[in-house]
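Contents: one structure, followed by commentary.
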Amino acid sequence: MDKISSIRGMPDVFESDTNYLAELNEVLSKIFLSHNLNEVNTPILEQTELFVRSTGVTSDIVNKEIYSFNDRNEQSLSLRPEGTAGVVRSIIQKKLDNAEHKLWYQGPMFRYERPQKGRFRQFNQAGVELLGFEEGSSDLEIISIVCDIFIELELEDAVLRINHLGDKDTKEKFLSELLKYMKSYKGDLNDNDKEKLNKNPLRLLDSKDVDLKEFLDKGPKIIDFLSPEQINLLDKIQSIFGKYVEIELDSSLVRGLDYYTGLVFEAVSSNLGAQDSFLGGGRYDGLSTDLGGKEMPAIGFAIGLERLNLIKKHKNIKSNKVISFVTTSSKMNALAFKIAQLLRSHNYDIRLETNFTDASLKAKLRKASKLGAKFVFIMGEEEFESDTITVKSFDEDGYQVNMSFDEILDFYKDI
Ligand code: HAM
């Protein structure tokens with residue numbers, strides 16, 4: 001019979017890979033808690049209309065990357081390509097759009113992109129949304145959370161790029177100058193950029209076309225249209241957080257989603273190759289009203305966990321602490337299970353691998369060594385009779401000691 005394989009760009013996460021999600025979630029949730037954020041969980045499936053209205057009809061996500069299908073009721077549904085729209089939808093639906101919320105979430109997102117290193121069709125994001133906060137200290141708080149991630153995970157060669165897209169007024173003035181400037185270049189645009197020019201000219205700024213980039217470099221810059229308050233915000237970010245992370249002002253940064261309004265930012269690392277951006281976010285003051293809610297200024301970001309895993313130096317030492325507990329006969333198993341249960345309940349940081357099969361002691365020791373165990377707890381005939389356990393160290397000194405159940409419990413608690 002033909003074998004069934006997984007869908008392209010949706011890899012199984014397996015064995016040694018699996019830990020990165022738990023590890024990153026642990027570190028990130030601690031950081032989020034330290035900023036007094038609450039966790040939120042929205043469904044993976046939403047009405048397609050939510051993403052059309054939020055990320056925008058001109059975004060790549062809605063144009064080419066969304067996974068949509070009709071359900072049995074002919075209702076168009078989509079797998080979420082990102083988390084912000086669902087969070088805002090949920091706050092509006094619960095009629096909580098008149099209050100402030102500091103939220104974080106984590107989970108799988110789906111985009112029909114061409115798979116390559118660091119780019120998948122199913123990937124995991126952790127995100128933060130501060131809802132109901134005007135421009136000002138919430139922008140600094142968001143960058144402060146980003147900063148904590150940089151510091152705690154010791155990110156390699158990471159740079160935070162920031163820009164400000166202005167308010168409605170500045171944006172209009174800038175766009176009218178940009179369109180004037182683009183007139184002489186219109187005929188040379190490729191199809192993709194022509195569409196951007198017609199539907200959302202701001203997105204021309206992040207074009208991949210080298211000639212157009214060069215042309216735009218000499219054109220109007222959004223920074224020259226910003227108000228003193230907006231410039232001041234960019235300055236503050238650099239002066240407060242510049243000593244913890246490398247921050248670059250990048251006036252070509254516009255981001256791929258249509259909902260952004262003020263501050264936008266992206267973190268990149270040269271270690272990631274072509275897909276160098278691992279974190280992105282910004283202010284989206286109009287999204288709530290676009291989705292039928294009240295005025296609710298907001299700012300947030302999301303981080304790609306697969307990309308983060310490629311660049312973090314931080315190693316969770318806990319995941320190295322493996323102990324193998326072995327018996328030499330099945331008659332000991334009931335007692336051994338009782339002891340294992342008791343040990344785990346006193347220290348959940350240790351991976352206690354129980355090996356109570358009929359294999360020989362030699363084979364069990366070999367397996368423990370292969371697993372990278374620090375110690376093996378052995379219950380043989382003698383130990384069983386004397387209510388003890390032998391602890392064998394796999395360190396260089398290789399010591400072996402016999403301990404009573406009470407002693408081993410104390411030993412286990414302190415590892
Ligand atoms: P985004 O820049 O589209 O923003 O995605 C954020 C991060 O998700 C990226 O920096 C990247 O690490 C990861 N990512 C995106 N696409 C893929 C992919 N195909 N494979 C692997 N990783 C990927 C957002 O999603 C916004 N919702 C962020 C936000 C929150 N803005 C305001 N609040």
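Counting starts at 1 for both ligands and their atoms, following the listed order.
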Revision key, fill the gap. Ranked by distance from atom 24 (C) of ligand 1, the top protein heavy atom is Leu257 CD1, 3.8 Å

Review point. Among protein heavy atoms, which lies nearest atom 5 (O) of ligand 1, and at what distance?
Key: Gln125 NE2, 3.2 Å

Practice item. Taking only heavy atoms of Glu82 into account, list the atoms of ligand 1 that are under 4.0 Å away from them. Key: 25 (O), 26 (C), 27 (N)

Point to revise | Option of least heavy-atom distance to atom 21 (C) of ligand 1 (set: Gly118, Ala298, Ala126) | key: Gly118

Review point. Which atoms form the tightest heavy-atom contact between Phe123 and Phe120, and what is the distance?
Key: CD2-O, 3.8 Å

**Study point:** For atom 11 (C) of ligand 1, the protein heavy atom that lies nearest, with its residue and separation
**Key:** Arg307 NH1, 3.5 Å

Study note, to complete from the structure: In ligand 1, the atoms that come under 4.0 Å of a heavy atom of Ala302 are 6 (C), 7 (C), 28 (C), 29 (C), 30 (C)

Exercise for review: Check the side chains of Thr84 and Tyr284 for a donor-acceptor pair under 3.5 angstrom, ignoring hydrogens and angles.
Suggested key: no

Practice item. Would you sort out whether Tyr244 and Phe150 count as a ring pair (Phe, Tyr, Trp, His ring centres under 6.0 Å), showing the intermediate values? Key: CA-CA 8 Å; Tyr244 302 107; Phe150 270 58; over 10 Å; no

Practice item. Give a yes or no on whether the backbone of Leu352 and the side-chain of Arg344 come within a donor-acceptor separation of less than 3.5 Å. Key: yes

Check your understanding: Can Thr357 and Asn355 be counted as having a side-chain donor-acceptor contact under 3.5 angstrom?
Key -> yes

Point to revise | Pair Asn333-Thr327, side-chain donor/acceptor within less than 3.5 Å | key: yes

Practice item. For ligand 1, find out whether one of its N or O atoms is nearer than 3.5 Å to an N or O atom of Glu306. Key: no

Check your understanding: Which is it for Phe265 and ligand 1 at heavy atoms under 4.0 Å: side chain, backbone, both or neither?
Key -> neither

Review point. Counting only heavy atoms, which portion of Glu113 has something under 4.0 Å from ligand 1: side chain, backbone, both, or neither?
Key: side chain

**Study point:** Minimum-distance pair of heavy atoms, taken over all atoms of Ala298 and Asp285
**Key:** N-OD1, 3.1 Å

**Study point:** Note, Lys294 side chain near Thr289 side chain (heavy atom, < 4.5 Å)
**Key:** no

Review point. What part of Ile299, side chain from CB on, backbone N/CA/C/O, both or neither, has a heavy atom under 4.0 Å from ligand 1?
Key: neither

Review point. Which of the atoms in ligand 1, numbered in the order shown and given with their element, are less than 4.0 Å from a heavy-atom of Gly281?
Key: 31 (N)

Exercise for review: Check whether the side chains of His101 and Glu129 place a donor and an acceptor atom closer than 3.5 Å, and report yes or no.
Suggested key: no

Exercise for review: Consider ligand 1: state whether an atom of it lies below 4.0 angstrom from any non-hydrogen atom of Arg283.
Suggested key: no

Exercise for review: If you have a sec, work out which protein heavy atom is nearest atom 33 (N) of ligand 1 and how many Å separate them, to one decimal?
Suggested key: Glu129 OE1, 2.8 Å

Review point. Is ligand 1 less than 4.0 angstrom away from at least one heavy atom of Leu308?
Key: no

Study note, to complete from the structure: Min over Tyr284, Tyr112, Tyr259, Phe123 of heavy-atom distance to atom 18 (C) of ligand 1 lands on Phe123

Point to revise | Closest protein heavy atom to atom 13 (C) of ligand 1, given as residue, atom name and distance to 0.1 Å | key: Gly304 CA, 3.7 Å

Review point. Does ligand 1 have an atom under 4.0 Å from some heavy atom of Ser277?
Key: yes

Check your understanding: Using a heavy-atom cut-off of under 4.0 Å, does the side chain or the backbone of Tyr260 touch ligand 1, or both, or neither?
Key -> side chain

Check your understanding: What's the shortest heavy-atom distance between Met296 and Asp97, and which atoms?
Key -> SD-CA, 3.8 Å

Check your understanding: In ligand 1, which numbered atoms sit nearer than 4.0 Å to a non-hydrogen atom of Leu279?
Key -> 10 (O)

Check your understanding: Does any N/O atom on Phe278 come nearer than 3.5 Å to any N/O atom on ligand 1?
Key -> yes

Exercise for review: For Arg255, take its heavy atoms, then give the atoms of ligand 1 lying under 4.0 Å from any of them.
Suggested key: 1 (P), 2 (O), 4 (O)

Study note, to complete from the structure: Nearest non-hydrogen protein atom to atom 20 (N) of ligand 1, with distance, is Phe120 N, 3.0 Å

Review point. So, does Asp71 use its side chain to make a donor-acceptor pair with the main chain of Glu74 at under 3.5 Å?
Key: yes

Exercise for review: Just need the protein heavy atom nearest to atom 30 (C) of ligand 1, so name the residue and atom and give the distance.
Suggested key: Thr84 OG1, 3.0 Å

Practice item. Answer with yes or no whether the side chains of Ser252 and Asp250 bring together a donor and an acceptor at under 3.5 Å. Key: yes

Exercise for review: Enumerate the atoms of ligand 1 whose separation from the nearest heavy atom of Gly280 is less than 4.0 angstrom.
Suggested key: 10 (O), 28 (C), 29 (C)

Review point. Given that the side chain starts at C-beta and the backbone is N, CA, C, O, which of these parts of Met109 lies under 4.0 Å from ligand 1, counting heavy atoms, or is it both or neither?
Key: neither

Practice item. Check Phe110 against Gln122 and note the closest heavy-atom contact, atom names and distance. Key: CE2-OE1, 3.2 Å

**Study point:** Ser138 side chain to Arg283 side chain, donor-acceptor N/O pair below 3.5 angstrom
**Key:** yes

Review point. In terms of side-chain heavy atoms, does His164 have a donor or acceptor partner in Glu135 at a distance below 3.5 Å?
Key: yes

